[in-house]
Amino acid sequence: AKPPGRHFHRDHQLWTPLTLADLEAINRYDRPLPKNFNFAGDVLDQWSQKEKTGERPANPALWWVNGKGDEVKWSFRELGSLSRKAANVLTKSCGLQRGDRVAVILPRIPEWWLVNVACIRTGLVFMPGTTQLTAKDMLYRLRASKAKCIVASEEVAPAVESIVSECPHLKTKLLVSPHRQNGWLSFQELFRSTSEEHSCVQTGSQEPMAIYFTSGTTGYPKMAQHSQSSLGIGCTLPGRYWLGLTSSDIIWNMSDTGWIKAAIGSMFSPWLWGACVFVHQMAQFDTDTFLNTLTTYPITTLCSAPTVYRMLVQKDLKRYKFKKLRHCSTGGEPLNPEVLEQWKAQTGLELYEGYGQTEVGIICANQKGQEIKLGSMGKGFIPYDVQIIDENGNILPPGKEGEIALRLKSTRPFSFFSEYVDNPEKTAATLRGDFYVTGDRGVMDSDGYFWFVGRADDLIISSGYRIGPFEVESALIEHPAVVESAVVSSPDPIRGEVVKAFVVLSAPFKSSNPEKLTLELQDHVKKSTAPYKYPRKVEFVQELPKTITGKIKRKDLRDQEWGRT
Ligand code: ATP
Ligand code: MG
């Protein structure tokens, strides 16, 4: 039988579907990148076929709940026909053409997945953004990207309205809501009346697929453009070895739709392996709802930011009996070893940490089948050759601290972003000799495991010592008084700069004597790590400044210390 929507020739040979083994081989450089690749046609439609022939378990492709009794379950075949309809809405009703950019600002609703897949089917370049964006954030993104269309939900429509007159390129506004609104096309209405006949576009492997904005932890978010294959094929190995996925798994990845981690953990990795994507659209994060979800639904695989695990280990986790959970992972920020140990002690489950970037996807991770070294980020992922380099681009030996970098063989690895859109200077600044530099500092040990030190900008240099904040934060969190902390440099007349810790206290310690507790924490750090790293200044705070993704914004605290605004 002909696969749906694909009747043509691949690379001038008769088209045969790519198998997972082929995709693994491409990642390992054992097979060249095909000229054309399209995630919808080459992966999703293959799972539809396998569903038909019974080669895949009867797991949904998408399983969505909202805690209010609403539930959506789609098979791959349903996802296929619904996303073909969505593709027709975008091209026929909205008049969009291959290569046009579409901002997709939706919460965790099933339409987010439909619109993303529809864009892939039609060769439109999608740009996810979180619904927490302000009007100003949106203006920046729409103008910088020259987006032709915005797909938005009701809660963001007013902010879009307030800036739309300043976005001359924006032609279409598509509203995903049961209600109509003036000036907006209604997705639901168009969707109901459109056909599900659609032929998937034959996109080139290197053709643009999406633009993801970086988290903006250190400044304005950058627009990293990804190709059809960078994530579509590049998530194969992380999906299998970091997230541990198979076609019978159900993964709950908590990331907000606006960040690349949602694409990696809630779309490409699971669907490459034919797994089910589970979504709980919670109004806001709440540990009880979170834990109850794991006890109610047969979720096998969890992925969440370290900040979530830091909150969870404050609870008595032994009280909860998780239904099917067997593989837990994290990433996006360093995971303190103490949190991993507590999680493991309380749940009996390992915690697999992955390290990655919007620009290049997952770089290294603790991988299934490899020993986990407490506090390390695991080993590099093929096709990446991860090295620690110095400021001149020379490779440093194991044990030496430097910048984490990826070797750029003779060509860029296919899983790389293609560029920061309209920013050749920033794109060029990521290159040093034969390497792409991540901007993060770390160490590789003699077994090839990577250890995170800190973002290069967060490094503290005190009396000639170089101190990475992560190690100090990890020492502090070992103390029962500390829920989390952020360690930054602070000016000092003699030493130039010293280590300062902003500390969030656990409930039983909130009323402790601050002077006494400061001494106790300093003493603890001196014992737990090299004494010169101890925080000479300690400030207790109610909360830490974080990005929408939950990352600690050390830069804000540092700027505050140094009187910069
Ligand atoms: P911006 O580049 O806009 O300042 P950002 O770097 O936070 O923001 P992302 O691409 O979302 O944007 O995040 C990638 C960065 O997150 C990495 O460069 C690293 O600093 C940090 N990171 C991700 N995973 C880990 C991890 N497991 N351990 C330590 N740091 C991590
Ligand atoms: Mg970055």
Side-chain angles (χ1 to χ4, degrees), residues 128-130 137 140-141 144 211-226 231 238 242-243 255-265 303-310 328-337 339-340 351-367 372-381 384 386 403-406 416-417 420-421 423 426-427 429-430 436-443 449-459 468-471 473-474 486 545-556 558-559:
T130 164
D137 297 333
Y140 164 72
R141 284 157 197 246
I211 294 172
Y212 294 99
F213 288 77
T214 59
S215 290
T217 310
T218 53
Y220 254 114
K222 300 171 282 265
M223 296 194 285
Q225 178 161 283
H226 274 274
L231 299 165
W242 170 45
L243 301 172
S255 327
D256 186 288
T257 54
W259 313 105
I260 200 163
K261 206 162 148 283
I264 294 174
C303 188
S304 205
T307 176
V308 170
Y309 289 101
R310 284 199 293 264
C328 304
S329 47
T330 190
E333 233 204 345
L335 173 72
N336 315 92
V339 176
L340 188 149
L351 195 41
Y352 291 80
E353 178 178 355
Y355 158 75
Q357 285 193 324
T358 308
E359 292 86 342
V360 296
I362 304 300
I363 298 168
C364 60
N366 284 302
Q367 300 173 35
I372 294 184
K373 291 196 191 183
L374 192 67
S376 119
M377 314 189 288
K379 294 188 183 184
F381 259 118
Y384 291 145
V386 192
E403 246 181 283
I404 306 174
L406 305 175
F416 259 56
F417 73 128
Y420 294 126
V421 174
N423 203 335
K426 276 240 161 83
T427 309
T430 60
Y436 161 86
V437 281
T438 57
D440 294 318
R441 297 185 68 81
V443 181
Y449 283 71
F450 287 87
W451 302 76
F452 187 76
V453 172
R455 289 169 182 268
D457 311 339
D458 285 344
L459 204 72
F470 176 54
E471 204 184 353
E473 290 163 9
S474 292
K546 289 189 182 166
T547 62
I548 301 168
T549 24
K551 298 188 195 208
I552 299 171
K553 285 174 127 178
R554 292 183 195 78
K555 182 176 182 293
D556 287 11
R558 187 167 62 235
D559 287 351

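One-based numbering, in listed order, for ligands and for the atoms of each. We use all heavy atoms of the structure for the numbers below, so side chains are in, but hydrogens, waters and symmetry mates are not.
Closest to atom 2 (O) of ligand 1, if we only count protein heavy atoms, is Lys222 NZ, 3.1 Å. Of all protein heavy atoms, the one lying nearest to atom 4 (O) of ligand 1 is Thr218 OG1, 2.4 Å. Distance from atom 12 (O) of ligand 1 to its nearest protein heavy atom, with residue and atom name: Ser215 N, 3.1 Å. Counting only heavy atoms of the protein, atom 10 (O) of ligand 1 lies nearest to Thr358 OG1, 2.5 Å. Ranking protein heavy atoms by distance to atom 14 (C) of ligand 1, first place goes to Gly356 O, 3.4 Å.
Polar contact with ligand 1: present for Gly332 (N/O pair, distance under 3.5 Å). The N/O atoms of Arg455, backbone and side chain alike, include one that comes under 3.5 Å of an N/O atom in ligand 1. When only interatomic distances are considered, the shortest N/O to N/O separation between Gly354 and ligand 1 falls below 3.5 Å. In terms of polar-atom proximity, defined here as any N/O pair under 3.5 Å, Gly216 does make such a contact with ligand 1. The shortest N or O to N or O distance between Tyr220 and ligand 1 is not under 3.5 Å.
Residues Thr217 and Ser215 bring no donor and acceptor atom of their side chains to less than 3.5 Å of each other. Of the N and O atoms on the side chains of Thr307 and Lys546, at least one donor lies less than 3.5 Å from an acceptor on the other residue.
The residue from Asp440, Asn366, Val360 that puts a heavy atom closest to atom 17 (C) of ligand 1 is Asp440. Closest to atom 28 (N) of ligand 1 by heavy atom, among Ala305, Pro334, Pro221, Ala224, is Pro334.
Each of the following atoms of ligand 1 lies closer than 4.0 Å to a heavy atom of Glu353: 26 (C), 27 (N), 28 (N). Close contacts of ligand 1 with Gln357, meaning ligand atoms under 4.0 Å from a residue heavy atom, involve 10 (O), 14 (C), 17 (C), 18 (O). Set against the non-hydrogen atoms of Thr214, the atoms of ligand 1 under 4.0 Å away are 1 (P), 2 (O), 3 (O), 12 (O). Applying the 4.0 Å criterion to heavy atoms of Phe452 picks out, from ligand 1, the atoms 29 (C), 30 (N).
For the residue pair Gln357 and Thr438, the shortest heavy atom distance occurs at NE2-O, 2.8 Å. When every heavy atom of Ser255 is checked against every heavy atom of Lys261, the shortest pair comes out as OG-NZ, 3.3 Å. Of all heavy-atom pairs between Phe470 and Pro337, the closest is CZ-CD, 4.3 Å.
Ion pairing between a basic and an acidic side chain is recognised when a charged N comes within 4.0 Å of a carboxylate O; Glu473 and Arg554 show such pairing. A salt bridge links Arg558 and Asp458; the closest N-O separation between the charged side-chain nitrogens and carboxylate oxygens is under 4.0 Å.
At a heavy-atom cutoff of 4.0 Å, ligand 1 is contacted by both the backbone and the side chain of Thr217. The parts of Tyr355 lying near ligand 1 are both backbone and side chain, judged by heavy-atom distances below 4.0 Å. Here Lys551 has side-chain heavy atoms under 4.0 Å from ligand 1, and that is the only part of it that gets that close.
Put simply, the side chain of Tyr420 does not reach to within 4.5 Å of the side chain of Met223, judged on heavy atoms. No side-chain heavy atom of Val339 sits under 4.5 Å from any side-chain heavy atom of Thr330. Put simply, the side chain of Ile552 reaches to within 4.5 Å of the side chain of Glu333, judged on heavy atoms.
Note on ring orientation: taking the six-membered ring where Trp is involved, the planes of Phe452 and Tyr355 are tilted (angle from 30° to 60°).
Centroid-to-centroid, the aromatic rings of Phe416 and Tyr436 come within less than 6.0 Å.
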